[in-house]
Amino acid sequence: MEELNFTEKVLLVVQNIPKGETKSYSEVAQLAGSPRAARAVGNIMKHNVYPHIPCHRVIKADGSLGGYNGLQGKKEALLREEGW
DNA sequence: CGTATGACGTGCA
DNA sequence: GTGCACGCCATAC
């Protein structure tokens, strides 16, 4: 967790999100080491080429689903299937 | 090295 | 309660 860059940390945190649970970008950013880097987190998700990242479990701090590569509706469907 | 961009967050109108 | 604008961080060009 110390040898990892912000991006790697964010990826790990998102991977660590339990099924049926959601985390806000600010939360992930904080766990990644930068509580104010919610934007950077979103950028990583957008740049994310890692298929193991449930980006659909990452939402905005106010409870909005945010974005999902333009598949916001799909995001809600995925979360609903997970018991969210 | 400096500039521009973005899947966000918070505050104010 | 909703909408607009500003601010912050990291990455890519």
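Per chain, numbering begins at 1; letters A, B, ... match sequence-line order. Only a predicted model underlies this, so the values are computations on that prediction, with no experimental measurement involved.
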Check: A37(A) main-chain N/O paired with S34(A) side-chain donor or acceptor under 3.5 Å
no
Is there a donor-acceptor pair closer than 3.5 Å between any side-chain N or O of R57(A) and the backbone N or O of T22(A)?
no
Shortest non-hydrogen contact from V14(A) to V28(A)?
CG2-CG1, 4.0 Å
Could you report the tightest heavy-atom contact between F6(A) and A32(A), atom names first, then the distance?
CE1-CB, 3.5 Å
Rounding to a whole Å, what distance do you find between [X]:[atom1] and [N]:[atom2]?
X: M45(A); N: dG9(B); atom1: CE; atom2: P; result: 13 Å
X: H47(A); N: dA7(B); atom1: NE2; atom2: C1'; result: 11 Å
X: N5(A); N: dA12(C); atom1: CG; atom2: C1'; result: 15 Å

Distances under 3.5 Å between protein N/O atoms and the N/O atoms of nucleotides 10-13 of chain B, please, pair by pair.
none

Looking at DNA chain B, which of residues 32-40 of chain A put a heavy atom within less than 4.0 Å of it?
A38(A), R39(A), A40(A)
Residue pair V41(A)/S24(A) against DNA chain B: nearer the 5' end by closest nucleotide is V41(A)
Ignoring backbone atoms, test whether T7(A) places a side-chain nitrogen or oxygen under 4.0 Å from the OP1 or OP2 oxygen of dT11(C).
yes
Start with the C-alpha distance between T7(A) and N5(A), add both sets of side-chain angles, then the distance that settles side-chain hydrogen bond (donor to acceptor under 3.5 Å, both in side chains), and finish with yes or no.
CA-CA 5 Å; T7(A) 310; N5(A) 297 323; over 6 Å; no
